[in-house]
**Student:** 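This structure is in structure tokens; I'll ask about it shortly.
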Number of protein chains: 2
Amino acid sequence: MPRTNKKPATITDVAIAAGMSIGTVSRYINGYEVKPANKERIERAIADLSFSPNALASGMKSADSRMVGLLVPDYDEFHAGLLGNLATTLAQEGLVTLTYCHESNSAVAKEAMRFFRTHRVRALIMSWPDADRNDITEMIAQGVQIVTYDNIIDFAGGDRVVVNNREASFKAVSELIRLGHTRIGAVTGDLRRWTAKERLAGWRDAFEAANIPAPEDLIFPCDWYRADGHRAMEHFWKMDTPPSAIFAANYQISLGILVFCQENDITLPDDLSLFSFDDVEAFHFSTPRVAAIGQPVHDIAQAIKARLLENNKAKRPATTPISVVDCAVHFRESIGPYRPKSV
Amino acid sequence: MPRTNKKPATITDVAIAAGMSIGTVSRYINGYEVKPANKERIERAIADLSFSPNALASGMKSADSRMVGLLVPDYDEFHAGLLGNLATTLAQEGLVTLTYCHESNSAVAKEAMRFFRTHRVRALIMSWPDADRNDITEMIAQGVQIVTYDNIIDFAGGDRVVVNNREASFKAVSELIRLGHTRIGAVTGDLRRWTAKERLAGWRDAFEAANIPAPEDLIFPCDWYRADGHRAMEHFWKMDTPPSAIFAANYQISLGILVFCQENDITLPDDLSLFSFDDVEAFHFSTPRVAAIGQPVHDIAQAIKARLLENNKAKRPATTPISVVDCAVHFRESIGPYRPKSV
DNA sequence: CTGTTAGCGCTTTCAG
DNA sequence: CTGAAAGCGCTAACAG
């Protein structure tokens, strides 16, 4: 049985059924005033035909797809949350969110750009600093708004939404210092990224504020993944004076650290204190629960939305090109007072 | 400074630059053969103009938006994974995935339907049994393919992709029985849902196979959330003979149970064994790690994709309207041998 | 293999 | 406030 294929009703069908011109129907649909009597007839016709306007056609004619693109590196907990919040909040404005995951792969990211361009997104939200310059330039020239989050990328005309990475990191590390730790490792993530630099700067700030020289030998530059956290611990644990506490620049790194601790019977916080950037569900159910800096994904989504609307409703340029969202710093049981290593 | 608004190049621009008709260019774009010399000129023109085809226009003309809708109840770990896998794998076929989250709210779900209809998705993927009948009927009539996952919903013409809920649950509960447990609680989730029924059926099957009467008093019907898991434990822990093991129908319920155990110093697996449906990251980092049935989100996405392509490439109806994907059953340290309660 | 042409469904002038 | 008409960028016949 071939699928029935009754084509959807068009605005013309509605106009005929309602006995008026498509212009009037179109205006009604788009929220302009029409004579009450006409309004009623249109509404009935729409219901009878169960008409729904064709977004493609209207987007094409009005040269506005009402779609925005979100380019993420990964569908991890943070990005899933961001996508969810964003898609929901933007839907309220009649905007559609298209996602693409680049997996930190340039070829895939290139493909994503092609995808977004093809779909004529009116804005592109991303944190990818290695985006092809030509694509970006082209998109900006065509009026596509570029919003970067969680990263500072130097595009002319790009809006930015970031969290207070440095300050939040400062608070976390300061707490570790207050607890008596001085050998505090920093597992930094990818230091080519602004985020990583800022988080490390917060680590340094904390030492400076405490008038203690920062233990530069405990900086472990790496990538953002579990394997990196694990490798960091392998490295640290071979040292003569290993760190008594660790500040990890994202949650995946922390998970790698936790795995290493499990494997090597390292007990938190007695043998090691751990403070993580990013707060995820796993941290609430581990023993002990992991102290963490939570990125308020809801607020980030709202800030992005604000930028999107601001830049499209009023035509004035944004007052400030950068929005800063504050993180919550959660002290939990994975951090404890410094205790000299028992021999 | 108003945004520059150089309009994107059109296929006509390309045709002019390449010195030929738009028909030829269109054919080249869509993968038909063109004379090599022309091909080369088209490619150069496209590069020069940095042209990208307008998906809206082509979708409109060809009456195929190449978009599919995914309606999820929540952006939890499972659905985020599903979305990620699906979006990625479908993008390879040139298909776009639009998401909408209904939050188990009928009004929002209704809005979602309007959204998907408006965007002329060629398929709708969902697990929502309370969808408005009219919307569904209308969409099916218009040739929209409906694929349900993780649920059996009785739509004429709907494709279904499910996991082997009953069998996997049977395996999990059987293991608990093998470990000596007989008082095994079932926290079922919403029993109006097929999934919940199947998982409970698996629980029953295990007792039957072991020739033990199923402890019907340990069935706790509820919803799917953390609070439900917590409430279940409150209930169980007041019993004269509480369960020595629990089978939880999803991960959120299990997290609620874990919280209760933390609060009441219940040690897994000594005081209680726990087996959960759904496998999430938190279960790998809790102490002990939680035994769980993992839904292979990658395979589910592939199965859905297969249905989508099958039903659209060849016009024949699917051989079987239902695909079953096998779950992995992970035995972990949250389950242990039955030990009579110490008094 | 290529050029020509007729729309897809809608918005948006422009006159009334 | 409404109707008529001109396309938006592209695809899909059709005739070469």
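A note on names: the letters A, B, ... follow the listed sequences, proteins ahead of strands, and every chain is numbered from 1.
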**Student:** Should A/Ser21 be listed as having a side-chain N or O under 4.0 Å from OP1 or OP2 of D/dA4?
**Tutor:**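 For D/dA4, OP1/OP2 do not have a side-chain N/O of A/Ser21 under 4.0 Å.
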**Student:** Could you check whether the rings of A/Phe116 and A/Tyr100 sit parallel, tilted or perpendicular, using 30° and 60° as the cut-offs?
**Tutor:**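 Aromatic pair A/Phe116/A/Tyr100 classed perpendicular.
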**Student:** Taking any heavy-atom pair under 4.0 Å as a contact, classify B/Ile22: base, sugar-phosphate, or nothing.
**Tutor:** base
**Student:** To the nearest angstrom, how far is A/Asn54 atom CG from C/dG9 atom C1'?
**Tutor:** 6 Å
**Student:** In whole Å, what is the span from the CE atom of A/Met60 to the P atom of C/dG7?
**Tutor:** 16 Å
**Student:** Does a nitrogen or oxygen in the side chain of A/Asn30 sit under 4.0 Å from OP1 or OP2 of C/dT11?
**Tutor:** yes
**Student:** Between P on C/dG3 and NZ on B/Lys35, what's the gap in Å once rounded to a whole number?
**Tutor:**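 Value for this atom pair: 9 Å.
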**Student:** Less than 4.5 Å apart, side chain to side chain, heavy atoms only: is that true for B/Thr97 and B/Met67?
**Tutor:**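 No, side chains not in contact.
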**Student:** A/Tyr32 has an atom OH; how far is it from atom P of D/dT2, in whole Å?
**Tutor:** 14 Å
**Student:** Quick one: which of D/dT2, C/dG3, C/dC10 gets closest to the side chain of A/Thr24?
**Tutor:** D/dT2
**Student:** With a 4.0 Å cut-off on N to O distance, would you call B/Arg193 and B/Asp130 a salt bridge?
**Tutor:**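 Answer for the salt bridge query: yes.
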**Student:** What integer distance in Å separates B/Ile16:CD1 from D/dG9:P?
**Tutor:** 12 Å
**Student:** Could you check which of C/dT2, D/dC1, C/dT13 has an atom nearest any side-chain atom of A/Glu33?
**Tutor:** D/dC1
**Student:** What do you reckon, is CD of A/Glu43 surrounded by more than 12 foreign heavy atoms closer than 6.0 Å?
**Tutor:**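 Yes - once you tally the heavy atoms of other residues, nucleotides and ligands closer than 6.0 Å, there are more than 12.
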**Student:** Hey, which of these two, B/Ala57 or B/Val34, hits DNA chain C nearer its 5' end, going by closest nucleotide?
**Tutor:** B/Val34
**Student:** Counting just side-chain N and O atoms, does A/Lys61 come under 4.0 Å of either OP1 or OP2 of D/dG9?
**Tutor:**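 Looking at the OP1 and OP2 atoms of D/dG9, neither is under 4.0 Å from any side-chain N or O of A/Lys61.
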**Student:** Please evaluate the base of D/dG9 for a donor-acceptor partner in the side chain of A/Arg120 within a cut-off of under 3.5 Å?
**Tutor:** no
**Student:** Kindly point out which of C/dG3, C/dT11, D/dT11 is positioned nearest to the side chain of A/Ser62?
**Tutor:** C/dT11
**Student:** Could you state the CD1-C1' distance from A/Ile29 to C/dT12, rounded to the nearest angstrom?
**Tutor:**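 It is 14 Å, rounded to the nearest whole Å.
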**Student:** OH of A/Tyr28 versus P of C/dG9: gap in Å, rounded?
**Tutor:** 21 Å
**Student:** In whole Å, what is the span from the CG atom of B/Asn38 to the C1' atom of C/dG3?
**Tutor:** 12 Å
**Student:** Would you indicate what A/Ser26 reaches in the nucleic acid, counting non-hydrogen atoms under 4.0 angstrom: base, sugar-phosphate, or nothing?
**Tutor:** base
**Student:** Under 4.0 angstrom, heavy atoms only, what part of the nucleic acid is B/Phe51 near: base, sugar-phosphate, or nothing?
**Tutor:**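 Sugar-phosphate contact only - B/Phe51 comes under 4.0 Å of backbone atoms but never of a base.
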**Student:** If you count the non-hydrogen atoms of other residues, nucleotides and ligands that lie under 6.0 Å from CZ in B/Arg66, is the total more than 12?
**Tutor:**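 Yes - once you tally the heavy atoms of other residues, nucleotides and ligands closer than 6.0 Å, there are more than 12.
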